[in-house]
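Below you'll find the structure, written out as structure tokens, and then a few comments.
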Amino acid sequence: MPLDSPDGATMRWSQAFIPTLRDDPSDAEAVSHRLLVRAGFIRQLMAGSYSILPAAFRVRAKIEKIISEEIDAIGGQQFLLGALHPSDVWRQSGRWDVMGDEMFRIVDRKGADVALGMTHEEIFATVASELSSYKQLPQLWYQIQTKFRDEPRPKSGLLRVREFTMKDSYSLDIDQDGLDKQFEAHYGAYLRIFARLDLDAIPVEASSGAMGGSGSVEFMVRSDAGEDLVAHCATCGYAANVERAESVVPAVIDEVGPDTPEMFDTPGVRTIAALETFPGGAAADRQIKTLVYIADDTPVLALVRGDHALQEQKLADALGVGEVRPAQAEEIRELLGADAGSLGAVGVSDVTVVADRALQGRTNMTTGANSDDKHYRGVSIKRDISVTQWVSLREVTAGERCTNCSDGTLDVFRAIECGHIFKLGTKYAEALGATVLDENGKSRPIVMGSYGIGLERNLAAIVEVHHDDKGIVWPVSVAPWQVAITVVQAKDEPSQTAASTIAGGLEAKGWDVMVDDRNERPGVKFADAELIGFPYRITVGSRGLDAGTVEVVDRRSGTRSDVALGDVVDHVHGLLSG
RNA sequence: CGGGCUGUAGCGCAGUUUGGUAGCGCACUUGGCUGGGGGCCAAGGGGUCGCCGGUUCAAAUCCGGCCAGCCCGACCA
């Protein structure tokens, strides 16, 4: 029996609302967006908000069921919290300001600030304040509920929206050890969920970003429609978001250089590349790139090798701030007295200088002199620059050596973030007063973790991964209907009768069946079935019935086989169960 | 928020340069012929041309403002 749908059901296409389109929608770029609209699963209401039509609702319901089964299996208790949040809990955690424009805010009739929930740490922590003893821990709480985020740029259909459903769970423990255990439990549950969704999700090290906390793993599904970049080593399996990824940087052998830096004229030179070709300049890997960023209103200098790119999230993480932004031209001039293109950190004090480790110990380097059209050569970093903090700041690129194993190289590819798990720690419990007494009668904040999966994004990711030039190819586990029965001649009574009999047999075995009884041309029905992506299709026509057979088509492989009418239910049941 | 582009029937589009009262394909309705890969014939229905204002005898078309959507970038638990 199929676990996913113990109660099979039959739908007649002539009664169904599945508005398929003959042409691709003009505004859809991503494959999943194009196919989900065209196959009649979704319609856009506004930017970042979609109507889920019946076929998509069925898929979403199956995804939801798989997720809740796996979270229940690790001890989850399901809740349903409000989507409307009072501002004060967000103020208590400090995120009322941090979230900025991404939070939808409304004012109620009394003039009070209210938010539409974008995540629920604050609310679960509020509920958790009723816990009073360590004996009540651990707890694992979750819900499946709508989140609202006013994304600056919704895109790619269901992949990036402003209103979506998320399964978010929260672990509550007395200590870090308990958190680690629940984190591991989620890690396993997530791998099982993605396996059942037929998504090849790679767990990767990630930045915790504005969530805070110590540990963070993203589950990434490789796809060109993805918005994240993942560095992956096929040899050892190392995988990390480029926001965190590291790689081996071959050492550059420097000359010792002069005793002090030498300033020299570089008229018109404003870029690393220009200085490479300038007489008396230097190769990019012998230059120091100096970037000015603003972190929490404070300027900082970020130093990377001339041929390396700064990873902004790494800088933000190093500084312990939510985000950093490049300084404006005026801010740069005010700070260093020169324009971008002639900047350097030599002799700079009173400013935080964060440098990439690839620069450690380098000598005889070239960098800007904080005076337009002038650079220094012969810069020895240890001697000439006061570095506040040495960290990894550079963004890895494909083809570089893996840091985790001796002989692997890194591949960098786009991926969809299908799930994300965080070790939050005590931040929210402390802010909202969720404390319990430990065995010594001492009050301690609850240690929390939070774990999210976006339902519609996963639905879209499945389409991104499972489709061909004819349409979607749903995995059996989440197909809106696992079988379509195409009645070739709708007016042929024996065909309709045979289709109903087969549908009844499959339904009794727990499968969801769509009978295409529409009075359409066969070609239309075949094309629609392929577009929508039923895993198996049975063709019932007078030609076959005369010989006592129907045709079974496997959507994925395209394999067709004639099966005796009396055997087809068992045959297809076998295919679906295998 | 910067850059690019687009709003005309349910969907895909033409018409805008050069102002003259809206058109094509698909879809839809009715009837008929068909019937194993988007078939054919005939007759129909459907549009405040994104919105507001202006110019003009006359605006889808020209001018001004606004709104919405898409793509790239910034941004993004």
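Reminder, nothing fancy here: chain letters follow the sequence lines and each chain counts from 1.
Nearest nucleotide to the side chain of A:A527, out of B:rG12, B:rC75, B:rG37: B:rG37. Looking at the side chain of A:D23, the nearest of the listed nucleotides B:rG37, B:rG35, B:rG25 is B:rG25. For A:R153, whose side chain is taken as the heavy atoms from C-beta onward, the closest listed nucleotide among B:rU34, B:rC75, B:rC72 is B:rC72. Of the candidates B:rG12, B:rG35, B:rC75, B:rG35 carries the atom nearest the A:Q489 side chain, counting heavy atoms from C-beta on. Taking every side-chain heavy atom of A:P25 into account, B:rG12 is the closest of B:rG37, B:rC70, B:rG12. Closest to the side chain of A:L21, out of B:rG36, B:rC11, B:rC13, is B:rC11. In the set B:rC71, B:rG39, B:rG36, B:rC71 carries the atom at the smallest distance from any side-chain atom of A:E29.
Between B:rG37 and A:K470, no contact under 4.0 Å exists linking OP1 or OP2 to a side-chain N or O. Look at A:Q44 and you'll find a side-chain N or O under 4.0 angstrom from OP1 or OP2 of B:rC70.
Taking atom CG of residue A:N519 and atom C1' of nucleotide B:rG32, one finds them 13 Å apart after rounding to whole Å. What separates CG of A:L531 from P of B:rG37 is a distance of 18 Å, to the nearest Å. Distance, A:D24 CG to B:rG10 C1': 16 Å, rounded to whole Å. Atom pair A:R555:CZ and B:rG37:C1' shows a separation of 14 Å (rounding to whole Å applied). Straight-line distance from the CE atom of A:M46 to the C1' atom of B:rG7: 18 Å, rounded to whole Å. Atom CD in A:Q328 sits roughly 12 Å away from atom C1' in B:rG2 (whole-Å rounding).
Between the base of B:rG37 and the side chain of A:E520 there is no donor-acceptor pair shorter than 3.5 Å. Between the side chain of A:R521 and the base of B:rG39 there is at least one donor-acceptor pair of N/O atoms closer than 3.5 Å.
A heavy atom lying under 4.0 Å from RNA chain B marks the following residues of residues 538-545 of chain A, by number: A:T539, A:G541, A:R543, A:G544. Within residues 291-298 of chain A, no residue has a heavy atom under 4.0 Å from RNA chain B.
The neighbour count for A:E334 CD, taken as heavy atoms of other residues, nucleotides or ligands under 6.0 Å away, does not exceed 12.
A:D516 and A:T486 share no side-chain donor-acceptor pair at under 3.5 Å.
Here A:D150 pairs with A:R162 under the salt bridge (Lys or Arg N to Asp or Glu O under 4.0 Å) rule; sequence neighbours left out. By the ring-ring contact (aromatic ring centres under 6.0 Å, His included) test, A:F57 is found to be paired with no residue, residues two or more places apart in sequence or in another chain being considered. Shown here are the side-chain hydrogen bond (donor to acceptor under 3.5 Å, both in side chains) partners of A:R192, two or more places apart in sequence or in another chain: A:E70.
Pairing for B:rC26 goes to B:rG10, judged as Watson-Crick or G-U wobble with the two contacts each under 3.5 Å. Here B:rG31 sits opposite B:rC41 as a Watson-Crick or G-U wobble pair (both hydrogen-bonding atom distances under 3.5 Å). Here B:rA60 sits opposite no nucleotide as a Watson-Crick or G-U wobble pair (both hydrogen-bonding atom distances under 3.5 Å). Nucleotide B:rC49: unpaired (no Watson-Crick or G-U wobble partner with both distances less than 3.5 Å).
Note that A:R105 lies outside the cation-pi zone of A:W90, set by a 6.0 Å cut-off to the ring centre and a 45° limit from the axis.
Each of A:E227 and A:E530 lies near RNA chain B, and the nucleotide nearest A:E530 is the one positioned closer to the 5' end.
Sorted by first then second residue, the salt bridge (Lys or Arg N to Asp or Glu O under 4.0 Å) pairs that include residues 485-497 of chain A, not counting sequence neighbours, number zero.
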